[in-house]
Protein chains: 2
Amino acid sequence: MTSMLNAYNVYEDRCPTRLLLDRLADKWALLILDRLQEGPVRFNRLRRDIKGISQKVLSQTLKKLERDGLVTRAVFATVPVTVEYSLTPLGQTLNETVSAFAHWAERNMDAVLAAQRAYDEAGAA
Amino acid sequence: MTSMLNAYNVYEDRCPTRLLLDRLADKWALLILDRLQEGPVRFNRLRRDIKGISQKVLSQTLKKLERDGLVTRAVFATVPVTVEYSLTPLGQTLNETVSAFAHWAERNMDAVLAAQRAYDEAGAA
DNA sequence: CGGTATCCAACAAGATACTG
DNA sequence: CAGTATCTTGTTGGATACCG
């Protein structure tokens, strides 16, 4: 047999995977997921490490990732309170993909910059 | 030796990789790159296959991907004109990552939906 | 420390109409 | 077929201020 009825398809407009893809295909979400691969991290540590992220966006993104079951939030009753974020097992299944994305950008930046220059020069001619 | 000076770092605010990550971490860009893995595709075919994408967004996204050196645009002087988009060798190096993303969403949608329900129920309590 | 609430400017994107 | 141009709305995200 070829396969069962395919329930989900990202190419379909109304498929719920579209919403999920939209949430994950986000610069901040990817950086958070990538950073959490090294283990549990506190809120303000994430804020410092992911340079340029605002408190609001960090908070919002973490909440969405938590709702999607990718991230766990653990509260410790210290004074002042300590909050640690970690990847769930589900979240960890994205590790390789997330890393690949970030590393790709770093490794191929020069090639992309060269392509941009070539494109812009051709357009200017 | 451990490594050379790391020129690029996505965790840095001003790093050019941030701009690149922002462009690639996009639902439409990912779907386009994924669709192009099967070979050259014409404009309106992409438009039909990636359901819900507007002509404007498709055009804009393709132009950015072309400028970044990930996609090539080939024009054939038929009547009316035919335009084919393909992945460049650079663009093809992203194939696995892009596929992983889309497939992840499709494979784990049920788990995510379950997590969302659990989260929402807990919040309602 | 770890957030929330509010305001606001900027940008993205959908709809629509038109063109070589 | 393969776009561009324009308009208008909706959403994002930065800045700021405040709270348990």
Side-chain angles (χ1 to χ4, degrees), chain A residues 10 12-14 18-32 35-36 40-68 71-86 119 122-123, chain B residues 10-14 18-32 35-36 39-68 71-86 119 122-123:
Chain A
V10 278
E12 291 298 328
D13 200 5
R14 304 287 183 176
R18 271 287 178 84
L19 294 170
L20 181 54
L21 185 62
D22 209 19
R23 196 154 323 128
L24 295 177
D26 171 74
K27 177 181 55 180
W28 299 127
L30 287 172
L31 288 172
I32 290 170
R35 180 63 186 83
L36 289 181
V41 188
R42 283 178 297 104
F43 185 87
N44 279 318
R45 180 72 196 263
L46 277 172
R47 182 153 154 61
R48 279 192 306 271
D49 289 354
I50 302 173
K51 285 167 189 152
I53 196 169
S54 71
Q55 203 169 23
K56 179 188 164 192
V57 168
L58 178 57
S59 174
Q60 283 176 349
T61 309
L62 283 169
K63 211 172 289 181
K64 287 173 187 169
L65 292 174
E66 191 193 354
R67 190 174 104 97
D68 288 343
V71 161
T72 323
R73 182 174 179 272
V75 184
F76 301 94
T78 52
V79 178
V81 68
T82 299
V83 180
E84 266 185 7
Y85 290 92
S86 333
Y119 184 94
Chain B
V10 278
Y11 285 97
E12 290 298 328
D13 200 4
R14 303 287 184 174
R18 271 287 178 84
L19 293 171
L20 182 54
L21 185 63
D22 209 18
R23 195 153 323 128
L24 296 177
D26 171 75
K27 177 181 54 178
W28 299 125
L30 287 172
L31 288 172
I32 290 170
R35 181 62 187 81
L36 290 180
V41 189
R42 282 178 298 103
F43 186 87
N44 278 317
R45 180 70 196 264
L46 276 172
R47 181 154 154 61
R48 279 192 305 274
D49 289 354
I50 302 172
K51 285 166 189 151
I53 196 170
S54 71
Q55 204 168 22
K56 179 187 163 194
V57 168
L58 178 56
S59 174
Q60 284 176 348
T61 309
L62 282 169
K63 212 172 290 180
K64 288 174 188 169
L65 292 174
E66 189 193 355
R67 190 174 105 96
D68 287 342
V71 162
T72 321
R73 181 174 179 273
V75 183
F76 300 95
T78 52
V79 178
V81 69
T82 300
V83 179
E84 266 186 8
Y85 290 92
S86 333
Y119 183 93

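All chains are named by letter (A, B, ...) in the order of the sequence lines, taking the proteins before the strands, and each is independently numbered beginning at 1.
To the nearest angstrom, C1' of D/dG13 lies 16 Å from CG of B/D26. In this entry the distance linking CZ of B/F43 with P of D/dC1 reads 11 Å, nearest Å. Taking atom CZ of A/F76 as the reference point, atom C1' of D/dG20 lies 19 Å away to the nearest angstrom. The CG atom of B/L62 sits 16 Å away from the P atom of D/dC1 (whole-angstrom rounding). Atom NZ of B/K27 and atom P of C/dA12 are 14 Å apart (whole Å). With rounding to whole Å, A/K64 atom NZ is found 16 Å from C/dG3 atom P. Rounded to whole Å, atom P of D/dG3 lies 16 Å from atom CZ of B/R45.
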Side chain to side chain contact (heavy atoms under 4.5 Å, CB included) evaluation trace for A/Y85 with A/L65
CA-CA 10 Å; A/Y85 290 92; A/L65 292 174; over 6 Å; no
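The distance from atom CD1 of A/I50 to atom OH of B/Y11, rounded to the nearest 0.5 Å, is 6.0 Å. Taking NZ from A/K27 and CG from B/L21, the interatomic distance works out to 7.5 Å, rounded to the nearest 0.5 Å.
Among pairs with a residue in residues 40-49 of chain B, those fulfilling salt bridge (Lys or Arg N to Asp or Glu O under 4.0 Å) read B/R35-B/D49, B/R45-B/D49, at least two apart in sequence or across chains. Sorted by first and then second residue, the side-chain hydrogen bond (donor to acceptor under 3.5 Å, both in side chains) pairs involving residues 50-64 of chain B (not counting sequence neighbours) are A/E12-B/K51.
Of the residues in residues 47-61 of chain A, those with a non-hydrogen atom less than 4.0 angstrom from any atom of DNA chain C are A/Q55, A/K56, A/S59.
Taking 4.0 angstrom as the limit, A/K63 places none of its side-chain polar atoms (N or O) nearer than this to OP1 or OP2 of C/dG3. Look at A/R73 and you won't find any side-chain N or O under 4.0 angstrom from OP1 or OP2 of C/dG2. Between C/dG3 and A/Y85, a contact under 4.0 Å exists linking OP1 or OP2 to a side-chain N or O.
Between A/W28 and the options A/L62, A/L58, A/V57, a side-chain contact (heavy atoms from CB on, under 4.5 Å) holds for only A/V57.
Pairing each heavy atom of A/A25 with each of B/L30, the nearest pair is CB-CD1, 3.6 Å.
In this structure, the nucleotide among D/dG13, D/dC1, C/dG14 sitting nearest to the side chain of B/W28 is C/dG14.
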